[in-house]
Amino acid sequence: MNSFQYSRAQDVADAVRQSAADGSAKFIAGGTNLVDLMKYEVERPARLIDISHLPLRAIEEPPGGGLRVGALVPNSDLAWHPQVKERYPLLSSAILAGASTQLRNMASTGGNLLQRTRCLYFYDVATPCNKRKPGSGCAAVGGINRINAILGTSDVCIATHPSDMCVALAALDATVHVVGPEGERAIAMTDFHRLPGDTPERDTNLGANEIVTAIALPARSFRTHYTYLKIRDRLSYAFALVAVAAALEIEGGIIREARLALGGVAHKPWRDPEAEAVLVGQSAERNTFAKAASVVLRDAKGFGHNDFKIDLARRTIIRALDQAAQGTPQSQSDKRIA
Amino acid sequence: MTSYIGTATSRIDGRDKVTGTARYAAEFGAPDLAYASLVTSPIARGRLKRLDVTAALKVQGVITVLSHQNRPSMADNDKAYKDQVAPRNGSPFRPLYDDGIKFSGQPVAVVLAEDLETASYAASLVHVAYDEEPHVTDITRQRYNGMALKAPAKPRGDATKAFSESDARHEADYFVPIEHHNPMELYASTAIWNDGRITVYDKTQGVQNVHGYLCGVFECDPGDIRVMSPYVGGAFGSGLRPPFQVALAVLAARAISRSVRLVLTRQQMYAIGYRPAMIQRIQLGAKADGSLNAISHDAVTSTSEYEDFHRNETTWSSLLYRSETAKYDHKLVRLDLPTGCDMRAPSAATGVYALEAAMDELAEALKMDPIELRLKCYSDRDQSNGLPFSSKNLRECYRQGAETFGWSRRNPAPRSMREGHEFIGWGMATGVWEALQMPIAVRIALTSNGHAEVSCATADIGTGTYTIMAQVAADMLGLPLEAISIKLGDSTLPQAPVEGGSWMAASVSNGIVTTSQAIRDDLLKLAQRLPGSPLKGRSGDEVVLANGAIALKTDGRDATAIADVMRSAGIDRIEREERTTFAKDDAHAHNTHSAIFAEVRVDEDIGVIRVTRVVSAVAAGRILNLKTARSQIMGGVVWGMGMALHEETLIDHRFGRMMNANIAEYHVPVNADVHDVDVIFVDEQDEFVNPMGIKGLGEIGIVGVPAAIANAVYHATGVRVRDLPITLDKLTRKA
Ligand SMILES: Cc1cc2nc3c(=O)[nH]c(=O)nc-3n(C[C@H](O)[C@H](O)[C@H](O)COP(=O)(O)OP(=O)(O)OC[C@H]3O[C@@H](n4cnc5c(N)ncnc54)[C@H](O)[C@@H]3O)c2cc1C
Ligand code: SF4
C-alpha cells in the first residue's frame, strides 16, 4: 500500500474543493472496495478524502413521488428500509443478493455505484491490464475470462461491472445526482456507467472531481411483478456470473410495461430497449420471454471460458421473466433458486 | 465415576477462543518489534537481475531491506533445510538464498520497518529486474513427460487382458485441479529477540519440526531457538512443513538484532503449498455379477522443479476392493510452481474420488445398485498385501448410512427424481484412510491439591486436541476435567511428531495412558508404604485412579485418597515423562472407513447445484469425543462439497501465476451452500491398532465426499462431469 494523506470533507462543497485541489485524491466512503484496491496497489491515491461523515444518509420521499436515497446510506439500511422493501422490492432484493451482511453494513450507495471490476487481471499488478494501466494490453482476452463480459465488449477490455444494486437501479430508471466544481447535475443510471471502448480506464461518466450525492428513484416501482435472479458459483458471497433484474406491469395476462436489466455480462448494467419492446403488448409466457432473450443476446460474444454465459443468460432471462410474471420473486435467503 | 472418554465434551479452549484471549502467532509482540513485508517475484522462472532498494530505504521508518545480497549467513547444504516432512528427494527451497527464481510469488526481499504500513509501502518501492526464462505450469501439457514412481503394490495378474475380457467395462480420465488450504489464520511468525536467543511464535502443525529446521538453517544450538504455537487457526496440512515466512522472520531478527513479525498476505500464502493438480485414468472391468476382475489406476501428479513431492493416489485402489487383477502407475511431472504439500487426506481425497466415481459408472454399466456393487467386491483384507484389517466395519457404514439416508427409495434411473424446477440426485461413495500412530512423549505433573498438568509438544490445529488430551488424562488420573491443564505447542515440551496424518489422537492419547500408568505405579508404591495398606501386594494393573483416589480396579474397593497418599509420603508433586512407542502390528492392515450418501438438487435450466443432504457413516475405532469428532467429520463433508463443486486455483499459464489467490475468488462453500449434514459413528472396536483402539478422524471426513456428490449430480442430471469442480457451465455445456 502506498503512503497517503488523509482528510475529512466538511461538507459536499468542501469535498469537491479538496478533490479539485489534488489530482490524485480519491473519496472514501465505506472503503470496502477502495482499501482492497489500495492493498493490491491497483489504486494509489495520494490523498483520501473521507466523505463518510457528510450528511448524505437520508432516505426521503420528494414532493413529486419516488424516493431519494443519500449517497452514504449503507447498502443494508437501503435494503431493509420499510419504504424500499414495500415499494421497491426489486432494489431491496438486488442489494441483498450482493456481498455479505458485513460488507453491506459498511458499503455505501455511492461506493456501490463506483466499485470497480473484479476481472482477475485488474487486481494483479504483475499482469497487463488496459483498465489499470492503459496501453499495457488485456490479459483477460486469451486468459482466464470465465467471469468476463459477453456484451458491449471492446478489443481492449472485456471487464464487467460487478454490482447487483446497479442492475436494479438501471431497471428502475433511477437517476444519479452529482455535485462538481460546475455545480449539480443529474445523470440517468443507464448513462452513468460506460462501455469500455478505447478508454476502459474510465468506468463511469462521473467527472473527475464530482461527488455522488444521491440516487433518485421514479415513482413507478414494479412492486408486484419483479424479480432479481442472480446466478453464481456458490449460493451466497460470490459475484454474479449472470444476474437478471426483471420488472413487469401486467394487465389481463398482457405485458404493458417491461424492464429487463442484466448484470455480470457487460461493463455496465445492461438494458436493451429493443428487448423490452418485444415484451410489451405480448402475453406473459415462455415464448415471449425466449424472444426477448434472443434479442438481448443477439450480439453476445464469448471469449472462451465465458462462452457458457450466453446460454446461461438466455435461460436466466427466461426464468427471471417467468418469476416476475408469476409474482414469485427469487428469495435471497432460502438457499435455493426458485 | 464419570468417564469423559467417548462423551460429547465441549472444547476446553472454546471460551478462550471466542472471547479472544487465545493468542495466535501474529498477536505476540515485544517492545522492540519490527515489522516485515515481502517483495515477491512476478515471474515463474529465471534470475533476479537487479534489485534497487534506494527509494525504499529513503522512506522514514524503514530499518533495512534484506535480500540474497545482504542477508546474514544461512546453511549451504540441503540437509539443513530438510524438515521432518520434506520429500526425500530434491533440494528444499531456501528463502532469500540466491538470485534464482523458481516460482511466481517467491520472496526476493524483506523490508523491515518500524510499523507494518511503512514496511508494506516501502516494499512497493523496491524495484526488481528479472531475466525471465521459459516456464511450464500446466500439468496437462506435461502429462506424458512424467517420471515413474514406485507403485503402491505389485501388479496382480494381467489386468490389461482381464479388462479386455470383462463383461462390463468402464474407462475414463478424472481431473482434480490445484486446491489451496486457505486456513482462516494467515501465516505468521513473530520472532522475539532476546540477546541472541529467539523465541518464535509461529503458525505450525509441529513446533519441534520448525525448531529442528531453524536450528539447521541458521546453524545454531537447540537452546538458542524456541518455537511456540499455542493456537492454530486452521492449517490442514499446509503447516506441516516450515513455511518460508518463519525462516525469513528469524533471518530478519538475526539481521537487525531485534524482534520481527512477518504476516503473509492471503495472496502470498498461495506460494506456501497446495494440493497438486492431478490427472487420473481408471479402468474397471467386472463380470456380469459385479465381481471385479480388473482394476487399473494411473495417476499423474505434479511437483516443483526442485523437490519430488508426491503421495500415491493409486494406493487406495490397490487396497479397497477385491479384484482378480490390478495394476497401478504413478508419474510425477515437474512444473515451475512451489512444491505442493499435504492437504487434508492427501492422495485419498483425490485418488478415492476417481475410484469411487468410476465405481459408480461401473455400477451404471452393470445396471447394479452402487452399494450392491461395493458389497460384491467387499474385502476383509487389504488387497495390496493380503493382510486382514485390524477392524473394518464398512459393511455397517453402508447399512446404517443407507438406512438413515433412505437409499432404498432411490429410483436408479438418472433424471428420474424431481421436484419443481430441480432434478434430485442421490449418490454414494466409500471413504478410506489409514490409522496411524507415532512415537510420542508425554509429561504429567500431578500435585497433591488434585491438579494435573499434561504437556507434550503436539499442536491443536483446531481439531480439539487440547480437549481430548484433557479427557483422557482426567479418566486415567481419576480427576475431574477442570483439574487438568494442558500444555502444548512449545518446542521445549516432550517430543511429539507433527500433527498430521490423523495420527495425533491415537498417539497422544496412548502417550497419556503410558505416563498416567507411571504416575499410578508411583502412587501405588507410596500407598503401599502406608501402614496397613489394603493395596499391599497389588500390581499396577490391578489398581485404578478414580475419584481422586487409588483403588482396586475390579470393584473400586480399598480406595485411598491420592491427596492422603502424597501427603503422608511428604511430597506434593509427582512428575513423570514417558515415551510411548507402538508395537509394529505386521499381521494387520489398519484403516478407517466411511460411507457417504449425498442428495443434490440441480436446476433443470440453469444448472445450479445444491447439496441438500449428506449422511456420512464413519467406522474409525474408538471415538474420544462425540462433539469434536462430529465437527471434524462435518468439516470434512463441507470441504468435500467444496472440492466437488467450488474449489480450484486458477493459473494463467502464460504468466505461470495463480490468479485467484484470495478468498473472494477462490470459492469454498459458504453457509448458504450447506444444508443437512448427518454424521453417524459406527461401532468399531479394534484390539490391534493400538492399546486404546483409536484410529483418528482428521482426514476420513473428506474422503469419498466429492465422489458421492459427483455421483449424485450424475444421477440427477444424467451428465457425468469428471473434472472437478463441477461448476454449472460444465453441466450445461454437456447437457
Ligand atoms: C469480498 C467482496 C464481495 C462482494 N460481493 C459483491 C456482490 O456480490 N455484489 C455487489 O454488488 N457488490 C459486492 N461487493 C462490492 C461492494 O458492494 C462494494 O465494495 C461497495 O458497495 C463499495 O462501497 P463503499 O462505500 O465501501 O465504497 P468505497 O470502497 O469507499 O469506494 C469505492 C469507490 O467509490 C468512490 N466513491 C465512494 N463514494 C463516492 C461518492 N459518494 N461519490 C463519488 N465517488 C465515491 C471511491 O472513491 C472509490 O473509488 C463485494 C465486495 C467484496 C469486498
Ligand atoms: S478485461 Fe479489462 S480489466 Fe480485465 S484485463 Fe482486460 S483490460 Fe483489464
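Keep in mind that this is a model prediction, so the values were computed, not measured.
- Residues B:Leu728 and A:Leu312 form a side-chain contact, since some pair of their non-hydrogen atoms from C-beta on lies under 4.5 Å apart.
- Within a 6.0 Å radius of CE in A:Met1, more than 12 heavy atoms belonging to other residues, nucleotides or ligands are found.
- Remark: B:Arg141 CZ is loosely packed, at most 12 non-hydrogen atoms of other residues, nucleotides or ligands lying under 6.0 Å away.
- Heavy atoms of B:His667 lying under 4.5 Å from chain A belong to its backbone as well as its side chain.
- Remark: A:Gln5 CD is loosely packed, at most 12 non-hydrogen atoms of other residues, nucleotides or ligands lying under 6.0 Å away.
- In this structure, the separation between OG1 on A:Thr127 and CZ on B:Arg657 is 7.5 Å, given to the nearest 0.5 Å.
- Within a 6.0 Å radius of CG in A:Asn105, more than 12 heavy atoms belonging to other residues, nucleotides or ligands are found.
- Ranked by non-hydrogen atom pairs under 4.5 Å with chain A, the options B:Ser124, B:Ser120, B:Gly607 are led by B:Ser124.
- Looking at B:Ile726, neither its backbone nor its side chain comes within 4.5 Å of chain A, counting heavy atoms on both sides.
- With a 4.5 angstrom heavy-atom cutoff, B:Ile43 does not touch chain A via any of its atoms.
- A:Phe308 is not listed as a side-chain neighbour of B:Lys730, based on a closest heavy-atom distance of 4.5 Å or more.
- Contact of the B:Leu650 side chain with the A:Leu120 side chain is registered, since non-hydrogen atoms from C-beta on lie closer than 4.5 Å.
- Interface remark: B:Arg601 contributes no atoms to any contact with chain A (heavy atom separation under 4.5 Å).
- You'll find the side chain of A:Ile337 stays beyond 4.5 Å of the side chain of B:His421, heavy atoms only.
- In this structure, the portions of A:Arg234 lying under 4.5 Å from any heavy atom of chain B include both its backbone and its side chain.
- The OH atom of B:Tyr121 sits 7.0 Å away from atom CZ of A:Arg44, with the distance rounded to the nearest 0.5 Å.
- Scanning both residues, B:Ala661 and A:Tyr40, for their nearest heavy atoms gives O-OH, 4.5 Å.
- Taking each heavy atom of B:Arg654 and A:Gly143 in turn, the nearest pair found is NH2-CA, 3.2 Å.
- Between B:Asp603 and A:Arg315, none of the side-chain N atoms (NZ, or NE/NH1/NH2) sits under 4.0 Å from a carboxylate O, so this pair counts as no salt bridge.
- For B:Val59, no part lies near chain A; criterion is any non-hydrogen pair under 4.5 Å.
- B:Asn671 CG: 12 or fewer foreign heavy atoms inside a 6.0 Å radius.
- The side-chain heavy atoms of B:Val608 and A:Ile231, taken from C-beta on, include a pair separated by under 4.5 Å.
- From A:Cys119, atom SG reaches atom CD of B:Glu665 across 9.5 Å, with rounding to the nearest 0.5 Å.
- A side-chain N or O of A:Tyr121 and one of B:Asp652 form a donor-acceptor pair less than 3.5 Å apart.
- Partners of B:Met634 by side chain to side chain contact (heavy atoms under 4.5 Å, CB included), not counting sequence neighbours, listed by chain and number: B:Arg630, B:Val677.
- Taken to the nearest 0.5 Å, the CG atom of B:Leu645 stands 10.0 Å off from the CG atom of A:Leu235.
- Heavy-atom pairs under 4.5 Å with chain B peak, among A:Ala126, A:Ser236, A:Ser3, A:Ser100, at A:Ser3.
- Nearest heavy atom pair, residue A:Tyr237 against residue B:Ile663, reads CE2-O, 4.3 Å.
- Looking at A:Asp233, the atoms closer than 4.5 Å to chain B (heavy atoms on both sides) sit in the backbone and in the side chain alike.
- Shown here is A:Lys301, whose NZ atom has no more than 12 heavy atoms of other residues, nucleotides or ligands within 6.0 Å.
- Looking only at distances, a side-chain donor or acceptor of B:Arg610 sits under 3.5 Å from a matching main-chain atom of A:Lys335.
- The line from NE2 of B:His675 to CZ of A:Arg336 is 10.0 Å long, rounded to the nearest 0.5 Å.
- With hydrogens and angles ignored, the 3.5 Å screen pairs no side-chain donor or acceptor of A:Arg118 with any backbone N or O of B:Ala664.
- Interface remark: A:Ala338 contributes backbone atoms only to the contact with chain B (heavy atom separation under 4.5 Å).
- A:Leu229 CG to B:Ile606 CD1: the interatomic distance, rounded to the nearest 0.5 Å, is 5.0 Å.
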